[in-house]
Q: 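Handing you a structure now.
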Amino acid sequence: MATVLAVVNQKGGVGKTTTAINLSAALALEGMKTLLIDCDPQANSTGGYGFPRDDERKSTYDVLTGECGLAEAALPTEIEALFLVPSSKNLIGANVEMIQDEKRAFRLREALKPELAKYDFVLLDCPPALDLLTLNALVATDRLLVPMQAEYFALEGISELVHTLERVRQGFNPRLEIEGVLLTMYDDRTNLAQQVTENLRDFFKDKLLKTVIPRNVRLAEAPSYGKPVMLYDPKSRGAESYRDLAQELLDRNKIESPRAKERKRAAANRAKTEIKFWPYVK
């Protein structure tokens with residue numbers, strides 16, 4: 001059964017889409033079968049994987065309006081274990097078209113149900129607003145990944161975030177909780193960043209993830225080439241940080257990836273075949 005993770009923050013420009021793209025890639029490269037669903041009408045996750053905007057193609061809009069299932073809309077990507085349900089600008093109209101439906105908040109959850117057994121992880125890239133699209137994502141998942149910049153306005157948005165979480169819990173999804181808060185575009189050279197980090201740690205405790213995503217030119221460049229940073233520049237700081245994030249989330253959920261098992265077996269085989277010379281030293 002898949003772990004469903006919504007990448008969400010009501011504030012824009014905090015690295016939600018960058019995180020959705022690169023975390024999904026990092027998980028898939030670890031051998032975890034992963035589905036990324038672009039729930040944002042801007043379709044930046046779609047473009048970030050090299051797919052042009054195409055309003056005629058099956059998309060999240062068609063899934064939410066019942067025109068097709070998730071399996072029909074999912075596209076293979078350059079990474080073997082990763083699939084993408086693209087977005088389109090048509091998704092803007094879904095907010096209006098669903099408004100009369102009593103079960104409008106549950107459409108994505110119902111569409112996900114038959115697909116959960118096929119994947120290890122499902123990531124939802126949410127728009128920067130609490131509309132019906134974000135609400136569908138919050139109802140479809142039990143876990144939130146919250147990207148957040150280490151700046152003053154991030155602290156101001158905490159109460160709004162917690163208020164939103166409580167409202168959705170009470171009205172739609174009582175199991176909803178924060179999986180982790182992720183610091184993005186981080187510059188540890190500034191006193192402000194360090195102070196905000198301490199404040200966030202005091203508030204979120206162990207929900208504040210140990211991994212931080214630094215400001216990195218390669219992260220900013222990769223979407224223009226239609227690639228996640230792991231494929232664009234795998235040795236960059238940005239790529240390393242998202243690999244660390246994927247591993248931290250796997251460790252938190254006590255999941256050992258296929259690649260981790262392979263590395264463990266390879267290390268054991270090397271130890272067996274290693275030639276030792278007398279006098280033996282460890």
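Given the structure is predicted, the values throughout are model-derived calculations rather than measurements.
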Q: Which residues satisfy the salt bridge (Lys or Arg N to Asp or Glu O under 4.0 Å) test with E248, sequence neighbours excluded?
A: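 Partners of E248 under the salt bridge (Lys or Arg N to Asp or Glu O under 4.0 Å) test: R252.
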Q: R215: what forms a salt bridge (Lys or Arg N to Asp or Glu O under 4.0 Å) with it, not counting sequence neighbours?
A: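 If we apply the salt bridge (Lys or Arg N to Asp or Glu O under 4.0 Å) test to R215, skipping adjacent residues, there are no hits.
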Q: Does S45 offer a backbone N or O that forms a donor-acceptor pair with the side chain of T17 under 3.5 Å?
A: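 Not confirmed, T17 side chain does not pair with S45 backbone.
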Q: Would you check if the side chain of K16 reaches a backbone N or O of G13 as a donor-acceptor pair within less than 3.5 Å?
A: no
Q: Just by distance, with hydrogens left out, do D244 and T211 show a side-chain donor and acceptor under 3.5 Å apart?
A: no
Q: Is the number of heavy atoms from other residues, nucleotides or ligands within 6.0 Å of CZ (R57) greater than 12?
A: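 Yes, the 6.0 Å shell around CZ holds more than 12 heavy atoms from other groups.
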Q: Are L135 and L112 co-members of a hydrophobic cluster defined by side-chain heavy atoms under 4.5 Å apart?
A: yes
Q: Check whether L182 and V146 end up in the same hydrophobic cluster, where Ile, Leu, Val, Met, Phe, Trp and Tyr are linked by side-chain heavy atoms less than 4.5 Å apart.
A: no
Q: Check residues 79-94 and write down every donor-acceptor pair under 3.5 Å in which the side-chain atom is one partner and the other belongs to a residue at least two apart or another chain.
A:
residue : atom : partner : partner atom : Å
S87     : OG   : D40     : O            : 2.7
S88     : OG   : N90     : N            : 3.2
N90     : ND2  : D55     : O            : 3.2

Q: Less than 4.0 angstrom from a charged side-chain N to a carboxylate O is my criterion; do K113 and E110 meet it?
A: yes
Q: Looking at L144, L23, D142, L27, which one forms a side chain to side chain contact (heavy atoms under 4.5 Å, CB included) with L5?
A: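 Of the listed options, the one satisfying the test is L23.
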Q: Return the set of residues passing side chain to side chain contact (heavy atoms under 4.5 Å, CB included) with K264 (not counting sequence neighbours), or none when no residue passes.
A: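 With sequence neighbours excluded, K264 shows a side chain to side chain contact (heavy atoms under 4.5 Å, CB included) to E256, given in chain and number order.
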Q: Can you get from L192 to L183 by hopping between Ile, Leu, Val, Met, Phe, Trp and Tyr side chains that sit under 4.5 Å apart?
A: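 Same cluster: L192 reaches L183 through Ile, Leu, Val, Met, Phe, Trp or Tyr contacts under 4.5 Å.
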Q: Sequence neighbours left out, what passes side chain to side chain contact (heavy atoms under 4.5 Å, CB included) with D101? Give chain and number order.
A: K103, R104, R107
Q: If you apply the rule side-chain contact (heavy atoms from CB on, under 4.5 Å), what do you find for M148 with V14, and how did you get there?
A: CA-CA 6 Å; M148 188 175 289; V14 297; 5.8 Å; no
Q: Measure the shortest side-chain to side-chain distance between T3 and V122 over non-hydrogen atoms and say whether it is less than 4.5 angstrom.
A: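 No, too far: nothing below the 4.5 Å cut-off.
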Q: Do you see a donor-acceptor pair shorter than 3.5 Å between the side chains of S241 and Y186?
A: no
Q: Using modelled atom types and a 3.5 Å cut-off, is there a donor and acceptor pairing between side-chain atoms of N269 and backbone atoms of A266?
A: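 It does not hold such a pair.
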Q: Considering only residues two or more places apart or on different chains, which pairs with a residue in residues 88-135 satisfy ring-ring contact (aromatic ring centres under 6.0 Å, His included)?
A: none
Q: Quick one: which residue pairs count as a side chain to side chain donor-acceptor pair (under 3.5 Å) with a foot in residues 160-170, not counting sequence neighbours?
A: Q10-E160, Q10-T164, E166-R169
Q: Is any side-chain heavy atom of Y49 closer than 4.5 Å to a side-chain heavy atom of S24?
A: yes
Q: Under the rule for side chain to side chain contact (heavy atoms under 4.5 Å, CB included), what residues qualify as partners of T134, not counting sequence neighbours?
A: V8, C126, P127, L130, D131, L138
Q: Can you check whether P147's main-chain N or O pairs, donor with acceptor, with N9's side chain at less than 3.5 Å?
A: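 A pair under 3.5 Å: yes.
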Q: Give the intermediate values and the outcome of side-chain contact (heavy atoms from CB on, under 4.5 Å) for residues L249 and D251.
A: CA-CA 5 Å; L249 292 174; D251 291 344; over 6 Å; no
Q: For K118, enumerate each residue passing the salt bridge (Lys or Arg N to Asp or Glu O under 4.0 Å) test, keeping only those at least two apart in sequence or located in another chain.
A: E115
Q: Taking side chain to side chain contact (heavy atoms under 4.5 Å, CB included) as the test, write out the residues that go with N253, two or more places apart.
A: R143, E179, I255
Q: My understanding is that only residues two or more places apart in sequence, or in another chain, count here; which of them pass salt bridge (Lys or Arg N to Asp or Glu O under 4.0 Å) with E72?
A: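 E72 satisfies salt bridge (Lys or Arg N to Asp or Glu O under 4.0 Å) with no other residue.
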Q: With hydrophobic residues grouped by side-chain heavy-atom distances under 4.5 Å, do V96 and L64 end up in a single group?
A: no
Q: For A137, is there any backbone N or O sitting under 3.5 Å from a side-chain donor or acceptor partner on T141?
A: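 No, T141 side chain to A137 backbone: no donor-acceptor pair under 3.5 Å.
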Q: Checking side-chain hydrogen bond (donor to acceptor under 3.5 Å, both in side chains) for the pair Y242/T18: CA distance, chi angles, key distance, verdict?
A: CA-CA 10 Å; Y242 276 107; T18 298; 5.6 Å; no
Q: Under the side-chain contact (heavy atoms from CB on, under 4.5 Å) criterion, do L165 and L176 qualify, and how do the steps go?
A: CA-CA 7 Å; L165 184 62; L176 188 64; 3.5 Å; yes
Q: Would you sort out whether L35 and L123 count as a side-chain contact (heavy atoms from CB on, under 4.5 Å), showing the intermediate values?
A: CA-CA 6 Å; L35 176 66; L123 270 64; over 6 Å; no
Q: Assigning hydrophobic clusters by single linkage (Ile, Leu, Val, Met, Phe, Trp, Tyr; side-chain heavy-atom cutoff under 4.5 Å), is L124 placed with I178?
A: yes
Q: Which atoms form the tightest heavy-atom contact between P228 and A25, and what is the distance?
A: CB-CB, 3.6 Å
Q: Tell me whether D125 contacts the main-chain N or O of C39 through its side chain, where contact means a donor paired with an acceptor under 3.5 Å.
A: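 No.
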Q: For the pair R263 and E30, find out whether any cationic side-chain nitrogen is under 4.0 Å from an anionic carboxylate oxygen.
A: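 The answer is yes: the pair qualifies as a salt bridge.
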Q: Restricting to pairs with a member in residues 199-225, which pass ring-ring contact (aromatic ring centres under 6.0 Å, His included), not counting sequence neighbours?
A: Y225-Y232
Q: Side chains of L231 and E78, heavy atoms from C-beta outward: is any pair under 4.5 Å?
A: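 Contact flag for L231/E78 side chains = yes.
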Q: Taking Q42's backbone N and O only, do any of them form a donor-acceptor pair with R53's side chain (distance below 3.5 Å, no angle check)?
A: yes
